[in-house]
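First the structure, then my questions, so here it is.
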Amino acid sequence: MHAHRVMLVVQAFTALPGTDHGPSELAAATGLNIAVVYRILQSGIATSIFLRVPPGRYRLGPGAARIGMQAMATTPDMRDARPALERLSRAVDGFALLWVLSPYGGPRKAYAASAPGRYDFESLGLGVADLVEVGQSLRVGASGRVIAAHLSPSMVSAVLKQPVPAGAGPGAVRDAAAYAASLAEVREAGYAVSREEVTGWSAVAAPVMWGDAVYGAVCVLKPSSLMPEDLALPVAATTAAAERLTLLTTAGSDPYPLAG
């Protein structure tokens with residue numbers, strides 16, 4: 001029973017917006033007595049599961065991070081993603097990428113693997129600094145919204161506080177309220193589309209999941225002049241690649257290896 005209550009308090013930190021919470025907020029979110037919540041918080045400080053943030057507020061600490069990192073270390077090496085990305089690149093004649101979620105310093109993307117086809121990173125028209133800043137931001141592009149659509153409210157709040165990078169294209173969703181409103185639609189659809197969020201390029205992205213947690217996103221880009229108005233093929237090919245990589249993260253190996 002006590003262990004269940006501890007887990008309720010830990011999970012409340014992911015369900016509530018923001019990072020710092022007081023015992024009364026956590027009690028309301030969990031349905032536990034405030035005195036019980038307070039005792040759980042105090043006991044968790046010793047193991048750094050929780051940190052006390054004056055005045056009278058708490059946040060998840062490095063002890064919780066160690067647990068998360070240990071769990072994440074069990075996911076497969078995403079070099080095994082390349083066959084699925086290469087098939088996607090050929091199907092759409094585009095630049096296929098896999099981004100993974102990186103929570104350090106605020107939610108962002110990290111490059112994991114790609115199959116550029118006839119394109120390359122230089123063809124995106126971004127300098128190195130812009131490529132890093134725009135590529136990592138969850139505020140830009142279909143892949144950013146696909147990942148954000150599956151984050152906890154507290155992490156979405158952190159995303160909304162991030163500025164849109166200066167190198168983003170004219171199609172970037174710059175209004176935070178419009179961006180937030182789009183996430184439910186993306187989650188319902190199972191994919192996202194962007195046009196000119198990277199200048200000159202359009203994209204389709206779909207989430208790669210690890211159980212009910214988002215692992216990252218598969219994204220395929222094409223020059224906007226070549227991306228068809230009818231997105232049936234790009235959407236089907238991208239979601240199929242994402243589903244295959246979701247199986248890979250769950251099973252630890254591809255249960256249906258591609259034959260090239």
Side-chain angles (χ1 to χ4, degrees), residues 11-20 59-60 65 68 71-72 75 78 81 96-114 126 130-198 201-221 231 234-235 238-239 241-243 245-246 249:
Q11 291 169 354
F13 279 92
T14 69
L16 292 169
T19 57
D20 306 340
R59 67 174 54 162
L60 293 176
M72 291 164 67
T75 58
M78 273 300 160
L97 299 105
L98 172 65
W99 297 100
V100 295
L101 174 65
S102 175
Y104 283 104
R108 65 192 69 238
K109 297 177 291 182
Y111 168 78
S114 66
L126 299 172
D130 288 335
L131 184 60
V132 171
E133 187 177 9
V134 174
Q136 290 184 337
S137 175
L138 296 186
R139 286 296 309 273
V140 179
S143 58
R145 284 195 300 283
V146 155
I147 292 174
H150 293 84
L151 293 179
S152 67
S154 62
M155 294 186 79
V156 171
S157 295
V159 172
L160 294 176
K161 292 177 183 176
Q162 297 173 0
V164 175
V173 183
R174 299 180 183 276
D175 181 74
Y179 178 95
S182 73
L183 300 183
E185 298 173 6
V186 169
R187 193 163 52 248
E188 178 68 22
Y191 66 91
V193 175
S194 66
R195 295 190 183 272
E196 297 289 323
E197 295 195 45
V198 174
W201 294 78
S202 294
V204 176
V208 177
M209 304 298 293
W210 182 32
D212 61 356
V214 65
Y215 180 93
V218 170
C219 179
V220 64
L221 297 101
L231 294 175
V235 167
T238 304
T239 54
E243 288 167 4
L245 295 186
T246 292
T249 64

Q. How about L101 and L151: do any of their side-chain heavy atoms sit closer than 4.5 Å?
A.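 When only atoms from C-beta onward are counted, L151 and L101 do touch, with a gap below 4.5 Å.
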Q.
Less than 4.5 Å apart, side chain to side chain, heavy atoms only: is that true for V164 and Y179?
A.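 Not in contact.
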Q: Report yes or no: does T246 contribute a side-chain atom to a donor-acceptor pair with the main-chain N or O of M209 at less than 3.5 Å?
A: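 Yes.
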Q.
Return the CG to CD distance between L183 and E188, rounded to the nearest 0.5 Å.
A.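 Here the interatomic distance stands at 13.5 Å.
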Q) Does the side chain of S182 reach to within under 4.5 Å of the side chain of V173, using non-hydrogen atoms? A)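 The answer is no; the side chains never approach within 4.5 Å.
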Q: Write down the atom of V140, the atom of P165, and the distance for their closest heavy-atom approach.
A: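 Scanning both residues completely, I find the closest heavy atoms to be CG2-CD, 3.4 Å.
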Q) Once you round to the nearest 0.5 Å, how far does CG of L138 lie from NZ of K109? A)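 Answer for the CG-NZ pair, L138 versus K109, is 6.5 Å.
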**Q.** Shortest non-hydrogen separation from A203 to L221 and the atoms involved
**A.**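 Smallest heavy-atom distance, with atoms named: CB-CG, 4.0 Å.
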(Q) Quick one: does any side-chain atom of R139 pair with a main-chain N or O of R174 as donor and acceptor, under 3.5 Å? (A)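 Indeed, once roles are kept as given, a pair shorter than 3.5 Å links the two residues.
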Q: State the CD-OH distance between Q136 and Y111, to the nearest 0.5 angstrom.
A: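 Rounded to the nearest 0.5 Å, the CD-OH separation comes to 13.5 Å.
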**Q.** Point-to-point distance, once rounded to the nearest 0.5 Å, from CD of E185 to CZ of R187
**A.**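 E185 CD to R187 CZ: 10.5 Å, rounded to 0.5 Å.
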Q.
How long is the straight-line distance from NE2 of H150 back to CE of M155, given to the nearest 0.5 Å?
A.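 Reported value, rounded in 0.5 Å steps: 14.0 Å.
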Q) Has the side chain of Q162 got a donor or acceptor atom that lies under 3.5 Å from a matching backbone atom of P107? A)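 Pair found, side chain donor or acceptor close to backbone of P107.
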Q. Between V218 and A242, what is the shortest heavy-atom contact and its length?
A.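 Here V218 and A242 meet closest at CG2-CA, 3.9 Å.
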Q.
Can you give me the closest heavy-atom contact between A168 and V134, atom names plus distance?
A.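 Heavy-atom minimum between the residues: N-CG2, 3.8 Å.
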Q.
Closer than 3.5 angstrom, by distance alone: can the side chain of S157 be matched with the main-chain N or O of P153 as a donor-acceptor pair?
A.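 Such a contact is found between S157 side chain and P153 backbone.
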**Q.** Intermediate values then yes/no, side chain to side chain contact (heavy atoms under 4.5 Å, CB included), Y215 and L245
**A.** CA-CA 10 Å; Y215 180 93; L245 295 186; over 6 Å; no
Q) How far does OG of S143 sit from CG of L98, to the nearest 0.5 angstrom? A)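 S143 atom OG to L98 atom CG measures 10.0 Å (nearest 0.5 Å).
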Q. S154 and G18: which non-hydrogen atoms are nearest, and at how many Å?
A.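 Looking at all heavy atoms of both residues, the shortest contact is CB-O, 3.0 Å.
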Q: Work out which heavy atom in T239 is nearest to a heavy atom in G190; give both atom names and the distance.
A: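 Shortest heavy-atom contact: CG2-O, 4.1 Å.
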